[in-house]
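Remarks on the structure that follows.
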Amino acid sequence: MTLTLTNTLSRAKESLPAPGERPIQLYTCGPTVYNHVHIGNWRAFVFYDVLRRSLEWLGYEVRHVMNLTDVDDKTIRGSREAGQSLREFTDRYTQFFLEDLDELRILHPHAMPRATDAIDSMVALVKRLEAKGLAYQSDDGSYYFKISGFENYGQLAHLDVDTLRAGAGGRVAADEYEKDDVTDFALWKAWSEEDGDVFWETELGKGRPGWHLECSALAMEHLSESIDIHAGGIDLVFPHHENEIAQAEAATGKVFSKFWVHNEHLMVGGKKMSKSLKNFFTFRELQEVAGATGREVRYALLTGHYSKKLNLQVTYEGEGEERRPVLFDSIEAARSAIHRLDEFRRGLTIRGGGPVGDGARALVEGYQAAIRAAIADDLNVPAALGKLFELVTDVNKLPDFDEEFGRFVVSVLDDVDQVLGVLKPEADAGLTPEDQALFTAWGAAREAKDWAGADTIRAQLKEHGIQVQARKGESTWSRI
RNA sequence: GGCGACAUGGCCAAGUGGUAAGGCAUCGGAUUGCAAAUCCGUCAUUCCCCGGUUCGAAUCCGGGUGUCGCCUCCA
């Protein structure tokens with residue numbers, strides 16, 4: 001099925017080519033590995049993941065590349081403060097990032113190149129631009145992109161260069177005098193004292209790459225000079241993506257990316273995340289404060305359409321300095337919804353009855369098709385989730401069904417989960433011997449109608465984080 | 001100042017001309033030894049406000065209010 005996406009270039013929904021004609025080349029802007037990325041960043045990474053999974057689910061072959069920014073002001077400053085080499089420092093945060101990626105059930109991109117592994121590509125790109133008269137060297141040895149030489153500048157952000165120039169005039173710091181034009185941006189930064197031992201001796205001199213350069217170079221190196229989709233957070237539209245386009249298209253004369261898709265921001269408690277508002281959280285903080293799992297966070301991030309702001313609702317207590325979050329409503333809601341989905345799945349495997357008619361099967365297939373249509377229509381995950389819950393309610397209403405039908409519905413859930421990535425329950429090692437003994441004793445006490453004893457054991461299990469369910473056949477348990 | 005996005009029930013959130021999906025919470029019922037969990041049902045005559053277009057608008061247009069964002073390195 002053909003996927004449509006909102007293309008930032010046109011600000012309209014556009015259809016990709018039908019699947020099968022050729023593989024889709026997808027590039028997404030990765031993290032700067034200088035700290036734990038925050039929950040808003042995770043919205044972007046989950047979005048990229050849904051995009052890639054959706055493409056594959058709809059029948060596309062995909063090659064997904066995401067960069068790791070491991071050299072910039074922040075990584076250099078961080079490594080110096082930590083007393084580590086740049087590589088030691090960024091490796092540490094890369095490792096954290098990869099661990100969290102797995103927790104959030106995000107598929108690893110096919111390639112995750114570091115910026116520092118692409119110095120040669122970047123230098124070559126600058127040389128190419130210089131040969132065309134679109135890059136120039138300033139007095140301090142840095143290289144800048146000459147925006148006046150690229151007439152399409154502003155096409156993505158829909159900004160007018162003259163307006164930018166006027167706006168920048170009053171705000172640009174005095175140390176920017178090196179540039180011919182205030183709107184020009186750095187391609188290569190000449191070494192300065194603060195860079196310490198971070199530099200590369202290249203044809204461009206001693207220095208390090210500018211931020212925008214790595215994405216253009218890496219996309220071209222690992223994919224091609226004209227890719228299909230480039231994704232990122234909405235705040236990267238300008239200047240980052242605009243500059244990527246300028247660098248790439250000025251050098252190659254080709255369309256850098258046919259599609260540009262951007263995810264909107266995550267709001268926390270109705271506000272933009274900031275440290276001063278105390279609504280700034282990393283995934284690891286949510287794990288500690290709210291007991292959130294990666295699966296719950298992923299679900300919460302899937303409840304809104306990528307192109308719209310999503311609010312992570314938080315209830316606070318106290319004012320000013322004392323203000324602290326006491327309840328993460330969105331995480332709680334995600335937890336309840338996931339629990340219900342897990343119970344539904346479990347019910348499918350333990351309910352064995354008579355055969356169901358063809359109508360029931362057609363009903364489920366109808367929902368499966370509706371979910372596919374919702375995903376194909378600009379990745380409408382919230383609408384797809386709506387259909388999924390309608391499926392749940394309708395199947396629950398069936399008076400009876402056999403094992404084969406149960407297996408069929410499970411297969412549909414697994415199919416849909418190729419995109420959602422939240423329906424598979426966490427792997428559980430099972431009860432500890434002690435808890436297993438309690439669970440058995442609880443059953444025995446109930447058998448003997450020793451209600452007081454049963455209630456005591458039930459309370460003990462609950463303290464261990466185990467909730468029991470009395471059922472007609474075999475009783476069950478679940479983690480709280 | 002320039003440009004732009006958004007405003008749907010207690011919370012989250014689909015829906016972009018044909019009469020308000022879904023989730024969480026609430027409430028009622030079923031089930032249960034009692035619970036919990038689960039299941040069923042209930043839950044917006046109305047979509048920020050005012051005006052307009054239309055047979056018909058949450059959806060289109062104009063005005064207002066509010067929130068958020070971009071205007072050189074924040075997903």
Side-chain angles (χ1 to χ4, degrees), chain A residues 11 28-32 37-48 69 72-74 147 157-160 163-168 170-172 176 179 182-186 210-212 231-240 242-243 262-267 270-274 299-300 303-305 307-315 327 329-341 343-344 346-347 370 374 380-393 396-397 446 449-452 454-455 458-459 462 467-472 475-478 480:
Chain A
R11 307 279 162 106
T28 60
C29 285
T32 302
V37 303
H38 61 67
I39 195 69
N41 296 110
W42 284 115
R43 183 181 191 195
F45 299 126
V46 168
F47 161 60
Y48 304 160
T69 299
D72 77 327
D73 292 348
K74 291 179 296 237
I147 283 180
H158 298 213
L159 287 171
D160 177 63
T163 310
L164 283 176
R165 207 167 273 139
R171 307 201 295 127
V172 173
E176 299 277 26
K179 298 193 281 190
V182 290
T183 57
D184 290 350
F185 60 91
W211 175 45
H212 311 298
I234 190 138
D235 49 337
L236 296 183
V237 171
F238 192 88
H240 185 53
E242 194 67 60
N243 291 351
H262 294 95
N263 62 280
E264 250 293 358
H265 281 292
L266 178 75
M267 314 292 287
K271 302 284 180 192
K272 185 185 182 180
M273 265 191 290
S274 77
Y299 184 95
T303 58
H305 191 261
S307 67
K308 287 187 159 187
K309 280 183 262 295
L310 174 65
N311 188 31
L312 190 77
Q313 185 59 20
V314 184
T315 302
L327 185 67
D329 307 61
S330 300
I331 298 297
E332 295 299 324
R335 185 171 296 155
S336 296
I338 286 171
H339 183 76
R340 191 175 149 204
L341 290 167
E343 286 296 314
F344 175 67
R346 173 149 67 178
N380 197 336
V381 177
L385 284 173
K387 291 296 172 193
L388 177 65
F389 278 99
E390 287 182 53
L391 180 159
V392 168
T393 300
N396 277 331
K397 276 185 196 169
R446 292 192 70 243
K449 296 197 191 298
D450 172 14
W451 308 129
D455 289 352
R458 187 170 67 194
K462 194 164 187 177
Q467 176 67 58
V468 292
Q469 295 96 30
R471 293 188 198 272
K472 282 220 174 71
S475 290
T476 55
W477 57 270
S478 56
I480 298 173

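Note on naming: letters A, B, ... go to the chains in the order of the sequence lines (proteins, then strands), and numbering restarts at 1 for each one.
Contacts of A:Val37 with the nucleic acid, taken as non-hydrogen atoms under 4.0 Å apart, are absent. Contact annotation for A:His158: no contact, since no heavy-atom pair falls under 4.0 Å across all strands. If you check every strand for non-hydrogen atoms under 4.0 Å, A:Gly304 touches sugar and phosphate atoms only.
Pairing partner, B:G17: none, since no Watson-Crick or wobble contact has both distances short of 3.5 Å. Remark: B:C70 base-pairs with B:G2. Criterion, Watson-Crick or G-U wobble with two distances under 3.5 Å. Base pairing of B:U65: its partner is B:A7, meeting the Watson-Crick or G-U wobble criterion (both donor-acceptor distances under 3.5 Å). The partner of B:C43 is absent, by the rule that a Watson-Crick or G-U pair needs both atom distances under 3.5 Å. Under the Watson-Crick or G-U wobble criterion, with both distances below 3.5 Å, B:G56 has no partner in any strand shown.
Rounded to the nearest Å, the gap between the P atom of B:U46 and that of B:A58 is 11 Å. A gap of 16 Å separates the P atoms of B:G56 and B:U19, to the nearest Å. Between B:U16 and B:G10, the two P atoms lie 24 Å apart (nearest whole Å). Comparing the C1' positions of B:G41 and B:U26 gives an interatomic distance of 13 Å, to the nearest angstrom. With P as the reference atom, B:C40 and B:U45 are 25 Å apart, rounded to whole Å. Comparing the P positions of B:C61 and B:G17 gives a spacing of 12 Å, expressed to the nearest Å. B:C24 and B:C6 have their C1' atoms separated by 23 Å, given to the nearest Å. B:A13 and B:A25: their C1' atoms are spaced 14 Å apart (whole Å).
Using cut-offs of 30° and 60° for the angle between ring planes, the A:His212 and A:His240 rings count as tilted.
Rounded to whole angstrom, the span from the NE2 atom of A:His265 across to the P atom of B:A7 amounts to 17 Å. Between the P atom of B:G4 and the CZ atom of A:Arg11 lies a distance of 9 Å, rounded to the nearest Å. Distance CD1 (A:Ile234) to P (B:C71): 12 Å, rounded to an integer number of Å. Separating the CD1 atom of A:Ile331 from the C1' atom of B:C11 is a distance of 14 Å, rounded to the nearest angstrom. Straight-line distance from the CD atom of A:Glu264 to the P atom of B:G4: 15 Å, rounded to whole Å. Atom P of nucleotide B:C11 and atom CG of A:Leu310 are separated by 15 Å, given to the nearest angstrom. Spacing between atom CG of A:Asp329 and atom C1' of B:A13 amounts to 14 Å, rounded to whole angstrom units. B:C71 atom P lies 7 Å from atom CZ of A:Phe238, rounded to whole Å.
Summarising the geometry, atom CZ belonging to A:Arg446 is positioned 9.5 Å from atom CG belonging to A:Asp455; distances are rounded to the nearest 0.5 Å. Separating the CG atom in A:Leu236 from the CG atom in A:Asn243 is a distance of 11.0 Å, to the nearest 0.5 Å. Separating the CD1 atom in A:Ile331 from the CD1 atom in A:Ile338 is a distance of 8.5 Å, to the nearest 0.5 Å. For the atom pair CG of A:Leu310 and CZ of A:Phe47, the computed distance is 13.0 Å after rounding to the nearest 0.5 Å.
Among the nucleotides B:G23, B:C68, B:A37, the one closest to any side-chain atom of A:Ala337 is B:G23. Side-chain proximity of A:Asn396 to the nucleotides B:C40, B:A14, B:C68 is greatest for B:C40. When distances are taken from the side chain of A:Thr393 to each of B:A37, B:G69, B:G23, the shortest belongs to B:G23. Listed candidates were B:A75, B:C40, B:C68. Nearest to the side chain of A:Lys272 is B:C68. The listed nucleotides are B:A13, B:A75, B:G33; the one nearest the side chain of A:Asp235 is B:A75. Taking every side-chain heavy atom of A:Asn263 into account, B:A75 is the closest of B:A35, B:A13, B:A75. Checked against B:A75, B:G23, B:C12, the side chain of A:Tyr299 finds its nearest nucleotide in B:G23. Ranking B:A75, B:U38, B:C68 by closeness to the A:Lys271 side chain, first place goes to B:C68.
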Would you list the protein and nucleotides 26-32 of chain B atom pairs, both N or O, that sit under 3.5 Å from each other?
none

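Salt bridge annotation for A:Glu343-A:Arg340: absent, with no cationic side-chain nitrogen under 4.0 angstrom from a carboxylate oxygen. Here A:Glu264 does not pair with A:Lys308 in a salt bridge; the nearest charged N to carboxylate O distance is not below 4.0 Å.
Taking only side-chain nitrogens and oxygens, A:Gln469 never comes nearer than 4.0 Å to OP1 or OP2 of B:U38. In terms of phosphate contacts, A:Lys397 brings a side-chain nitrogen or oxygen within less than 4.0 Å of OP1 or OP2 of B:G41. Remark: A:Ser336 is not in phosphate contact with B:G23, judged by side-chain N or O atoms under 4.0 Å from OP1 or OP2. Side-chain nitrogen and oxygen atoms of A:Lys387 include none within less than 4.0 Å of the OP1 or OP2 phosphate oxygen of B:G22. At B:C12, one or more side-chain N or O atoms of A:Asn311 fall inside 4.0 Å of OP1 or OP2 (strictly under the cut-off). Between A:Arg346 and B:U38 there is no side-chain polar atom (N or O) within less than 4.0 angstrom of OP1 or OP2. The phosphate of B:G23 (OP1 or OP2) has a side-chain N or O of A:Arg340 nearer than 4.0 angstrom.
The aromatic ring of A:Phe389 is not stacked on the base of B:G22, since the criterion of ring centres less than 5.5 Å apart with planes inclined by under 30° is not met.
Of all non-hydrogen atoms in A:Phe45 and A:Cys29, the two that sit nearest each other are CE2-O, 3.8 Å. In this structure, A:Ile234 and A:His262 approach most closely via the heavy-atom pair CA-CB, 3.9 Å. Between A:His305 and A:Arg43, the shortest heavy-atom distance links the atoms O-NH2, 2.8 Å. The shortest heavy-atom contact between A:Asn311 and A:Ser330 is O-OG, 3.7 Å.
Counting only distance, with no hydrogens or angles, the side chain of A:Tyr299 and the backbone of A:Ala333 share no donor-acceptor pair below 3.5 Å.
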Annotated protein contacts, base or backbone, on nucleotides 15-20 of chain B with a non-hydrogen cut-off under 4.0 Å, one of B, S, - each: S-----
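Put simply, the side chain of A:Asp450 and the base of B:G33 share no donor and acceptor less than 3.5 Å apart. Between the side chain of A:Arg458 and the base of B:A36, no donor-acceptor pair of N or O atoms lies under 3.5 Å.
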Which donor-acceptor pairs under 3.5 Å do side chains of residues 380-392 of chain A form with protein atoms, sequence neighbours excluded?
from	atom 1	to	atom 2	distance (Å)
A:Asn380	OD1	A:Ala383	N	3.1

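Projected onto RNA chain B by closest heavy-atom contact, A:Trp211 and A:Lys309 fall at different nucleotides, the more 5' of which corresponds to A:Lys309.
For the residue pair A:Ser478/A:Gln467, the side-chain donor-acceptor check at 3.5 Å is not satisfied.
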